[in-house]
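This is a predicted model, so every value here is computed, not measured. Residue numbering restarts at 1 for every chain, and letters A, B, ... go by the order of the sequence lines.
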There are 2 protein chains.
Amino acid sequence: MQDDADAQPATTNEVLASLFKTLGHPQRLAILRLLESQELCVCEIEAALDLRQAYISQQLTLLREAGLVCFRREGWNVRYRIACPEVYTLLEMAEAIHGTLGECAWVEPEEKTAVSCGALRQT
Amino acid sequence: MQDDADAQPATTNEVLASLFKTLGHPQRLAILRLLESQELCVCEIEAALDLRQAYISQQLTLLREAGLVCFRREGWNVRYRIACPEVYTLLEMAEAIHGTLGECAWVEPEEKTAVSCGALRQT
DNA sequence: AAATCATATTCTAATTTACGAATATGATTA
DNA sequence: TAATCATATTCGTAAATTAGAATATGATTT
């Protein structure tokens with residue numbers, strides 16, 4: 001029994017997009033930020049973010065599936081920790097990039113060429 | 001007339017998530033990759049990716065709104081170029097991170113504490 | 001001004017995601 | 001084994017996103 005027999009290879013862009021998609025959610029980022037300095041159990045995250053348990057658990061599941069967090073049982077609790085600390089560098093860099101991002105500028109044309117494109121159109 | 005009078009401040013996490021969300025799409029990444037080395041008009045992107053014109057235009061609009069690309073008219077064409085080259089560093093880093101990402105490991109508990117959490121539950 | 005070229009926008013259906021509520025599971029203690 | 005604690009999962013619906021089709025816009029040439 002092979003899992004996902006009819007799944008295509010998944011290009012680099014698809015894989016990358018998937019990672020970014022996981023990061024593209026404020027609450028998931030909030031969870032990651034909490035886990036930066038410490039290992040936390042679900043109820044601690046719950047208390048820190050003031051969100052319902054089931055909701056936290058759902059987001060943690062997604063972070064887990066993305067491979068971003070690890071977990072381990074400790075008595076009654078399940079403690080989560082970051083799986084790869086490099087993501088924080090990614091977050092920092094993204095933050096820096098956002099700082100430089102301005103409104104899209106309309107740059108004045110340099111020269112008047114006006115050559116027809118001639119590219120194939122399929123619609 | 002102020003635009004978005006009832007919009008809340010937008011936290012850092014929300015802003016970051018928004019950027020990641022824009023990057024969380026294979027075709028948009030493909031477009032960004034094309035623009036890495038050169039400025040291109042829509043029809044060239046269209047030809048390179050073999051996608052319909054309207055579709056490309058839609059994705060470019062999103063990239064534009066995110067501030068990731070700039071454009072300028074040149075005769076009949078509108079040429080797009082990257083607004084901040086730093087995103088490629090971000091992509092590289094994300095790629096590197098993906099490489100290190102494995103299946104979530106279940107780490108064996110270190111010590112048996114089993115203390116009740118006592119955290120507030122709101123559901 | 002009409003025709004043409006490149007690009008943008010709008011409308012829409014289908015799919016995916018978000019997230020609340022209820023419930024299930026699994027470890028631990030009595 | 002029954003009760004309890006922490007966490008996970010399933011279900012359902014609202015909202016957002018995807019992407020196709022049709023059409024609009026705006027610059028350029030005739």
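Contacts between residues 22-37 of chain B and DNA chain D, counted as heavy-atom distances below 4.0 Å, involve B/H25, B/R28.
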Protein and nucleotides 9-11 of chain D: nitrogen or oxygen contacts under 3.5 angstrom:
| residue | atom | partner | partner atom | Å |
| --- | --- | --- | --- | --- |
| D/dT10 | O4 | A/Q58 | NE2 | 3.1 |

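A search for side chain to side chain contact (heavy atoms under 4.5 Å, CB included) contacts involving B/A30 returns A/N13, B/Q27, B/L49, not counting sequence neighbours. Under the rule for a side chain to side chain contact (heavy atoms under 4.5 Å, CB included), the partners of A/S57 that lie at least two apart in sequence or sit in another chain are A/Q53. The salt bridge (charged side-chain N to carboxylate O under 4.0 Å, His left out) test applied to B/R28 returns no partner, not counting sequence neighbours. Applying the salt bridge (charged side-chain N to carboxylate O under 4.0 Å, His left out) test to B/E95 and every residue at least two apart in sequence or in another chain returns B/R33.
Computed from coordinates, the A/R73 CZ to C/dA27 P distance equals 6 Å when rounded to whole Å. Whole-Å rounding puts the A/E14 CD to D/dT18 P distance at 14 Å. We find that CZ of A/R52 is positioned 11 Å from C1' of C/dA18, with the value rounded to whole Å. In this structure, CG of B/N77 is placed 18 Å from P of C/dT4, rounded to the nearest angstrom. Whole-Å rounding puts the B/R72 CZ to C/dA6 C1' distance at 15 Å. The separation between A/I56 atom CD1 and D/dA6 atom C1' is 14 Å, rounded to whole Å. Per the geometry, CG belonging to A/L49 stands 13 Å off P belonging to C/dC19, to the nearest Å. Put simply, CG on A/L62 is 11 Å from C1' on C/dC19, counting in whole angstrom units.
Both the sub-6.0 Å distance and the 45° axial angle are satisfied by A/R64 relative to the ring of A/F71.
You'll find that the side chain of A/C43 is closest to D/dT7, out of D/dG20, C/dT17, D/dT7.
Note on A/Y80: every side-chain N or O is 4.0 Å or more away from OP1 and OP2 of D/dA6. One finds no side-chain N or O of A/K21 lying less than 4.0 angstrom from the OP1 or OP2 phosphate oxygen of C/dT16.
Taking the six-membered ring for Trp and thresholds of 30 and 60 degrees, A/F20 and B/F20 have nearly parallel ring planes, at less than 30 degrees apart.
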Quiz item: Can B/L68 and B/L62 be said to form a side chain to side chain contact (heavy atoms under 4.5 Å, CB included), step by step?
Solution: CA-CA 9 Å; B/L68 292 173; B/L62 294 177; over 6 Å; no
Exercise. Please lay out, stage by stage, how B/Y80 and B/L40 fare under the test side chain to side chain contact (heavy atoms under 4.5 Å, CB included).
Key: CA-CA 5 Å; B/Y80 280 83; B/L40 291 174; 5.9 Å; no
Exercise. Tell me, with the steps shown, if B/V15 and B/T11 meet side chain to side chain contact (heavy atoms under 4.5 Å, CB included).
Key: CA-CA 6 Å; B/V15 164; B/T11 66; over 6 Å; no
